[in-house]
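We count ligands from 1, going down the list as the structure has it; atoms in each ligand are counted the same way.
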Amino acid sequence: MDALELLQQRVSAGRLVAPAPTAEQREVLFQAAMRAPDHKLLRPWRFLTVEGERLRALGELFAEAAQHQGGEVDPAVLEKARNNPLRAPLVVVAIACLRAHPKVPPSEQLLAAGCAAHSLLLAAYAQGIGGMWRSGELSFSPHVAKGLGLAVNEQIIGFIYLGTPEKPARPAAPVELAPFVSPW
Ligand SMILES: Cc1cc2nc3c(=O)[nH]c(=O)nc-3n(C[C@H](O)[C@H](O)[C@H](O)COP(=O)(O)O)c2cc1C
């Protein structure tokens, strides 16, 4: 796929089915992520892959986290939390790993991690893999972070759902640029 077409046409795919990306495709996804712009080459990111039965375990972790938020939890909310990870055959947890650095503040490291996640999404689209970056309040849950084994300096920046798109990608309409771009 042409690079400029990819950059202008990438869209998310919410409905994803098996098969999950192959080993070869995953190599491309993660190599693309590693090429994100990155001040001082800190690589302030890492990724966890969750698939198969582990998707159910992630759903259980989400349900537990919803219960840990306190108060009475609507059973429908719990059920939704439990089923959320089952919306794709592969969920990649994108994690920012922030460390003290004299030249690179945590905000820049967070941006670099976000760029890595975006590169992964672009590499997915380029390979015909459907992808969607999701967060939701449970991505900020300390219980989820602990269950996924995050260190204190790490934070979840997204759950990237990947799989085979159920429907063809919708066309991305061009955006009127005037509100977003102006000479100074
Ligand atoms: C950090 C981040 C978190 C997001 N979380 C969600 C989410 O929880 N649920 C959702 O529907 N979309 C979420 N999105 C937006 C979608 O990934 C997607 O970009 C949006 O639906 C627009 O679709 P498009 O990518 O096809 O333009 C998030 C995007 C980012 C960058």
Side-chain angles (χ1 to χ4, degrees), residues 1-17 20-21 29-30 32-33 35-38 44-50 55 58-59 61-66 69 73-74 76-98 106-145 147-148 150 153-177 179-181:
M1 170 179 264
D2 174 73
L4 292 178
E5 187 191 336
L6 167 66
L7 288 170
Q8 294 175 88
Q9 289 298 319
R10 183 213 61 83
V11 286
S12 301
R15 294 181 163 277
L16 298 164
V17 293
L29 294 178
F30 293 114
R35 285 304 313 133
D38 176 16
W45 55 68
R46 68 185 178 97
F47 301 97
L48 296 172
T49 59
V50 185
L55 291 169
L58 183 60
L61 183 63
F62 283 173
E64 281 173 23
Q69 283 177 330
V73 188
D74 184 340
V77 171
L78 279 188
E79 199 50 20
K80 184 171 182 307
R82 197 169 273 123
N83 288 330
N84 271 348
L86 307 179
R87 290 177 292 183
L90 174 66
V91 175
V92 172
V93 189
I95 300 165
C97 315
L98 309 176
S107 58
E108 287 193 0
Q109 297 179 43
L110 197 59
L111 288 169
C115 289
H118 184 215
S119 294
L120 193 151
L121 272 180
L122 288 167
Y125 189 83
Q127 296 183 93
I129 300 162
M132 178 129 179
W133 184 339
R134 296 182 186 272
S135 53
E137 61 180 326
L138 292 179
S139 68
F140 306 104
S141 154
H143 187 82
V144 172
L148 291 173
L150 268 64
N153 65 320
E154 295 183 320
Q155 69 185 70
I156 295 166
I157 60 167
F159 295 97
I160 302 182
Y161 286 64
L162 295 168
T164 305
E166 210 175 62
K167 295 188 289 194
R170 68 179 198 282
V175 173
E176 165 56 45
L177 295 179
F180 304 102
V181 186

Less than 6.0 angstrom from the centroid, inside 45 degrees of the normal: does R10 satisfy that with respect to the ring of Y125?
no
Kindly state each residue pair satisfying salt bridge (charged side-chain N to carboxylate O under 4.0 Å, His left out) with at least one member in residues 157-169, sequence neighbours excluded.
R15-E166
Could you tell me if the side chain of D38 sits less than 4.5 Å from the side chain of P44, heavy atoms only?
yes
Drop me the distance from L58's CG to L148's CG, to the nearest 0.5 angstrom.
6.0 Å
Separation between CD (Q69) and CZ (F140), nearest 0.5 Å, reads 11.5 Å
Protein neighbours of ligand 1 with a heavy atom under 4.0 Å, given by chain and number, are R10, V11, S12, M132, W133, R134, S135, G136, R170
Supply the atom-to-atom distance L61 CG to H143 NE2, rounded to the nearest 0.5 angstrom.
5.0 Å
